[in-house]
Amino acid sequence: MLLGMVLGGLTLVIGLVWYYFTPKYWRVGYMPTQPIAGFSHAIHAGKLGMDCRYCHSHIEHSPEANIPSVSTCMGCHAEGHVNDQLYARKANVQGIRDAWMAGVRFDEVKSLMNEGKAEEAEAKLVSYEKDKLALIEGGASLAWRRVHKVPDYVRNFPHHVHINAGVSCYSCHGNIMEQPIVHQVQPLSMSWCLECHANPTPHLVPKEKVTDLFWVRQQLEDRGNQPYSGQANNPLDVASPGGATLLKALEEKPLHILPQNCGACHY
Amino acid sequence: MYEGESSMSSSMNSLDQCHSTVGESPAQKARVAGLAQVGVTGQRYYRGLDDVADTGAFRDWLEREFPEGASRLLESSRRTFLKLMGASVALAGAATLPGCRRPDHKIYSFSRNVPEEIIPGKSLYYATSLYLPGGRVESVLCETHEGRPTKIEGNPLHPGNQGKTSPWAQAAILSLYDPDRLKDPVYTKLDASPRSWADFAAWLQGEDFKKLEASQGAGLAIVVDKRRSPTRSAVKGRLLERFPKAMWVAYDPTETDEVVQGAMIAFGKPVREVLHLEKADVVVSLDRDFLFDDPGMVRNTRGFSARRQVLGVNSAMSRLYVFESGFSVTGAKADHRVALPPSHIPAAAVAIARRVLDQVGAKGAPPLRDALKRAEASLPSAVKIDEAFIDAVAKDLLMDESGASRATKTVLVAGPTQPAVVHALCHAVNAALGNIDNTVTFRPMSQDEGSSGIAGLRALTQALNDGKVSTLVTIGVNPVYDAPADLNFAQAMSKASVRIAADLEETETVRAARWRLPLAHDLESWGDLESLEGVVCAQQPMIAPLYGAKSDIEILALLTGAKLDEADGHELVQATWRDHPARGRQPVETFWKRALNSGILATLDRSPMNSAQVGMNLVDSVSRMSMNAVMGQNVDVVFTVGMVGDGSLNNNAWLQELPDPLTKIVWDNVAVMNKATAARFGLEQELETNKVQHARMCRLTVGDKSVDVPAWVAPGVADNTVLVHVGYGRSSIGSVGEGTGFNVFPIAGVNTGSGKSSRRVAFGATLARGGGSKDVPEWYAISTTQQHGSMEGRAIVREVDLPAWRAFGDKIETNLDAYRQERKLVFAERLGELAHAPANVNAYINPQRGTKDAPTQDGTGPNTTGEHGSAAWGKTNVDSTGKTRAPDFATGPQWGMSIDLTTCTGCSACTIACQAENNIPVVGKIETRKGREMHWIRVDRYYAGEGSGGVDAGSAMFQPVACVHCENAPCETVCPVNATVHGPEGINYMVYNRCIGTRYCANNCPYKVRRFNFFDYGVKKLNGEYIGESTLEAVGADPANVNLIPPRLRQRLDEISKLGMNPNVTVRSRGVMEKCTYCIQRINEARVEVKLKNLPMIPDGFVQTACQQACPADAIVFGDLLDTKNVYPTPDGKQRTGSLVRSLRDHGRSYLLLGFLNTRPRTTYLAGIRNPNPALVSAERKKLWENPFGHGHEGGHEGHDHEGGHGGEGHGSQQHGLLNGSHNGSHRTNQFDPSRAVADSGYRLSLGVLS
């Protein structure tokens, strides 16, 4: 009886720990609010169909996926630059414009000072102070909250090598083109990483389709766990004509074997 | 656990002691004394004098990996500590409870100004240059991550350093982020509140400077450092235009006038000597440490090592003779080393010069030869110069062994301790031998460089005392700290009513000033610096000044009356170069961009020398030469520049914790002397029972000024000579430097009336016991890494003479081991234990390969010889069922490293480069004393030879040791959590997040290269809030020496230092083991680059480890061992096939460290080679040339009786050939300690592996 209770309790505890003490439970669904509340990937990447690389411009040549600068945002959202009605309601993009204008105001006052118009500059400063408007050299920075984060003991996740190998953004970030506020879709746990490194082919798409998220989703759903077989020259597709030869060639390039050892990420 | 171990090891030792002193002949005792081993040149290698002394306490201390107390806080404090810790944990828990969610991690976007070149996540390299103490100028590339400088590399386009760096350049990063730097200008006349530069500029327009302008600058004095900078010369010109009567002093505390004066005597003008050692067949150094304590350290090391890369059996090799007072890095590399007090070395110079000029002086002035003869005849009787030795040196300078002339291919150099006449004599000899403009060239000196700083300082002090100076400006110099004591500069300085001082930290001089100005670091400034070779290097800021500091040219420009925005470094430098002739016909913009890109602005003309005119003034000088040789009760004190330079780098913790190359002392300076001298003055070194080495304080007196320094006994130092590093004992600089060591500048350059002593040497000083007062104790605890991780009595370093290499280098011995298996041994392998040990047979199935590693040579591997033959790389990993198993070493890059002991000078640039690259923390003096230093690559120093003095002064070998990445790694098998595992490319991984800190791996590592984070050295320094003063006292920390408090208790949390961390390497936290990773972050980065470029493999040289990249001797080579087919161009325009490391792995000089343990390391060593003059070699040593292996002739092994070698009993017996070492009556190197084999069952067991 007692033994049964202890065993049962133990099983329960182990079961709970097993399930709940995992990144899958703790991390998936993490959805912090962002400084520009109105920013929606669903609109930009989904509805407007903007390419990921328009904003995350360095993913192809840097380990880090950079976030866009304020000037990138202002490329579309500058006042009068595009039709506010069509592209964004004013209130939603005000944060971007504020960040931008802080720098504009600084330059304005500085040029007045340089021209020797100290009084005008002073007057400007007073009015800005009254309206509680900031002046920042180079403009203000936006503090985005990081959603996807690997632990500190994992040295950088190299975006560029994955993108160039044909791993779509979709594989790790999920249906980001449908998320108004970005949240974590995959656990980003070690076993999850290794699953793909052991058998990457289901996640590989042609390089030029890497950021075409709707297409990728369709593909991945259609083919289930099968490798992509639509492209004749996809080197990792054994089924494609010439694929086997290419695969063999790749095997002779040992560098292209996906690392599954500790030293690939932990150092 | 540790207590248990300690009692066990001490009981073993007592047994050991007992047996080694009973029942043996004195001769036997002498032979096996201590841990000393006899190397193949017949010299004994030992790690320090205590080693030879072989005291029981020493042994006890040595044999424990971590000395006493290493794993615990002192008992008295533990309870309080835990209590306090408990409280803090509770608090922390309460504080973090509401935060049961992911910490908010912010990503800040760029805003309006997006830097075009910055790609987040990618590092950028910029060329710049650094001015380092002692006149060193290094052109460097600085790695920056998102605008943060993190690492310094040499500039490959600079002709001098060719991509290499010195330890000081590597450490510049830490100085940049020093939290103790001055933050704001302060005007203490009013209050100590921070002011702006605008305030300072406005003040400069005020009363004080108006008055100075009216008086044309009379009363203004400016003291600056001695950097050679065209822009600063231009600003100086403008300043002196405004204040023509101002006093300008360019001053370097470690300079000596003798060098310039020597050039004046010889050439009649101040010229700077530039050595071209790559062209020299024979180098003779008269007390010049040109490989370390020298402005041309990097360039000289590159040139010298280029002539010592003995890769073929017929490769040429230069020969180095060193006459020196102490044991220097250069002396350790010498083929013949003579220890002489500095006051005796001029006699050697005269003797060599006379002999050389006798032979080639046909054109030379006969009066000079007569003067030399007279000088030689009038030598004081105390000076004993070995005539035969000098004859041989002179002959070697004139002709080689075949009798061919050596004209233009030799060089004679003199060091800073030597008087001007010796420098002039060297120039005369070089001129006579045709070396000038060949192995040695000259550059014109600028006015600042050629002037005598110390004379200027004396004149300034006089003017201050006379009240003639009202305004004193010092920029980047610290005379209050480093002026000779007889000047009493601090007092003189206080007589100036206006005192302006600019420096990085709050130095003694800054503290004495009214205006305290923060000086910009070189990495924050625009500028131009002329390097030794006359190449002007561009200097550009890597980061905007962290604390709003200004550079020297900017401050000087302000003094010229420029407005704040006009005094801009960028403008000033551009103004200099806009119309500079070096620009040629290039447009300004192009010229400027090219200069910033290459780091090189211009190459200045060198100064052609008329060799014939040398010697005209020399006759007079030689005739007036008087030799007051030191003897008896006086000593010569030599002031050397160590790791912290002239003291300006004193607040740099990396340099403080970098062991001195020879003494291996950290965080302190000591007075180094030999045993006889120490005994004469009652200064014997003792080891106290608590295993911490203590040194007796001694008092050095020059004139009527004296300082107290701990005495340290070391071999190889001349009699009656004391060497001591300057730059320690700062009273004001910051939390790291203050209180470390002792300031000896007060006695350097004291005017004793005779006028012979300089800032680098004091002749005829007195030495006595010191200390004993309340402030200075009689005994002083010294922290040394000397004996840590000692490897007992095995052929760790291997070294042969060149003739032996010539005779046997390309011969491979094929013999049969104990199992009658055929095996092949290359030259260096035959020098070690393996020549006698059987091949390794694994008793167990190797889990990695699934087989017992039988020593069969299947011939399929890339290397089937000896130790290397059993290595796994290049072999497919097939288990017994025929399945391929991971890791498969047959494909891909298989990383390996080779370290050349011939070229390694022990300068330790590798250690500090590794520290910077891999975020390695410093631990402080107290922790180092417990054996907790964290360096991933250490440089072991082995003294060789007895060093009886005179021409037989002993020698030393250096051996850098990092993790050797064993294929059969002992650490991996004992880790209970698989935190250290093997990768498919042969790298022994250390997975920090798995490590639970059992330290089993460190215990099982035969190389002792694993380092443990006993505390949070790297992550944070406990900020002292819950550790009160009482705790500090309880752990024995000296409250006066903040820097000596263990980092865990240090009060400062250095936010700013975090900026210097390499973002690609984890910062390890407490309780984690760490070690060399072969710079895996660089490998992975290279792998990604190669993948993106779709290359089939990583080309040789694409990955350089940090140590390799820094090494000025090119002693470290890293690469892919499987790369045998690719063709690479070589610098000389030819081609080579395969990777460099592969060719070195297969090389005849290649051997494995402790290869007989079957650890199969990936790092191999190339045996050291010396090139002694055959005329000066003893018959006994010559015998070794014919048989360097210490046993019978080649092939003599087959007959050896190794049978019965596993019985156990045989090993202890004195009859065993291996142990008593008497093969064929020839010289037999004794690697093992027979006394231990008798007494020590563990030792006996370990021998079972061997035979």
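Scope of the values below: all heavy atoms of this structure, side chains included, with no hydrogens, waters or symmetry mates. Chain letters run A, B, ... following the sequence lines, proteins first and then strands; every chain starts at 1.
Ion pairing of B:K122 with B:E1089 is present here, as a side-chain N (NZ or NE/NH1/NH2) and a carboxylate O approach within less than 4.0 Å. Of the charged side-chain nitrogens involved, at least one lies within less than 4.0 Å of a carboxylate oxygen, so that B:R112 and A:D107 count as a salt-bridged pair.
With a 4.5 Å cut-off on non-hydrogen atoms, A:V104 touches chain B through its backbone and its side chain both. The parts of B:Y108 that come within reach of chain A are both its backbone and its side chain, each placing non-hydrogen atoms under 4.5 angstrom from that chain. In this structure, chain A has a heavy atom under 4.5 Å from the side chain of B:N1084, while its backbone stays farther away. For a residue to count as touching a neighbouring chain, one of its non-hydrogen atoms must lie under 4.5 Å from one of that chain's; by this rule A:L142 touches chain B with backbone and side chain alike. Contact annotation for B:T1066: both backbone and side-chain heavy atoms come within less than 4.5 Å of a heavy atom of chain A. Interface remark: B:I987 contributes no atoms to any contact with chain A (heavy atom separation under 4.5 Å). Heavy atoms closer than 4.5 Å to chain A are found in both the backbone and the side chain of B:F110. Neither the backbone nor the side chain of A:A65 comes within less than 4.5 Å of any heavy atom in chain B.
Chain B forms the most heavy-atom pairs under 4.5 Å with one residue out of A:R155, A:H159, A:E60, and that residue is A:R155. Chosen from B:V114, B:N918, B:I119, the residue pairing most often with chain A at heavy-atom distances under 4.5 Å is B:I119. Per-residue counts of heavy-atom pairs under 4.5 Å with chain A were compared for B:N978, B:L1092, B:V981, B:I1083; the largest is that of B:L1092. With chain B as partner, the option from A:P151, A:A140, A:P32 having the largest number of non-hydrogen pairs under 4.5 angstrom is A:A140. Between chain B and the residues A:G138, A:P68, A:G139, the most heavy-atom pairs under 4.5 angstrom are made by A:G138. Residue with the most contacts toward chain B among A:S71, A:P158, A:A143, A:A99: A:A143 (heavy-atom pairs, distance under 4.5 Å). For chain B, the option among A:R145, A:E137, A:Q260 with the highest count of heavy-atom pairs below 4.5 Å is A:R145.
Annotation: side chain of B:K151 is not in contact with side chain of B:N1062 (no heavy-atom distance under 4.5 Å). Two residues are said to be in side-chain contact when any heavy atoms from C-beta on lie closer than 4.5 Å; B:C963 and B:N988 meet this criterion. Between B:I1098 and B:W895, the closest side-chain pair of non-hydrogen atoms falls below 4.5 Å. Looking at B:Y1078 and B:V1103, their side chains never come closer than 4.5 Å, going by heavy atoms from C-beta outward.
Tested against A:H173 for a ring-ring contact (aromatic ring centres under 6.0 Å, His included), the candidates A:H183, A:H148, A:H162 yield a single pass: A:H148.
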- Go through the steps to decide whether A:H41 and A:F39 satisfy the test ring-ring contact (aromatic ring centres under 6.0 Å, His included), and finish with yes or no. CA-CA 7 Å; A:H41 271 89; A:F39 179 77; 5.1 Å; yes
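In this structure, a donor-acceptor pair under 3.5 Å is present between the side chains of A:N66 and A:S57. Of the N and O atoms on the side chains of A:R146 and B:H105, at least one donor lies less than 3.5 Å from an acceptor on the other residue.
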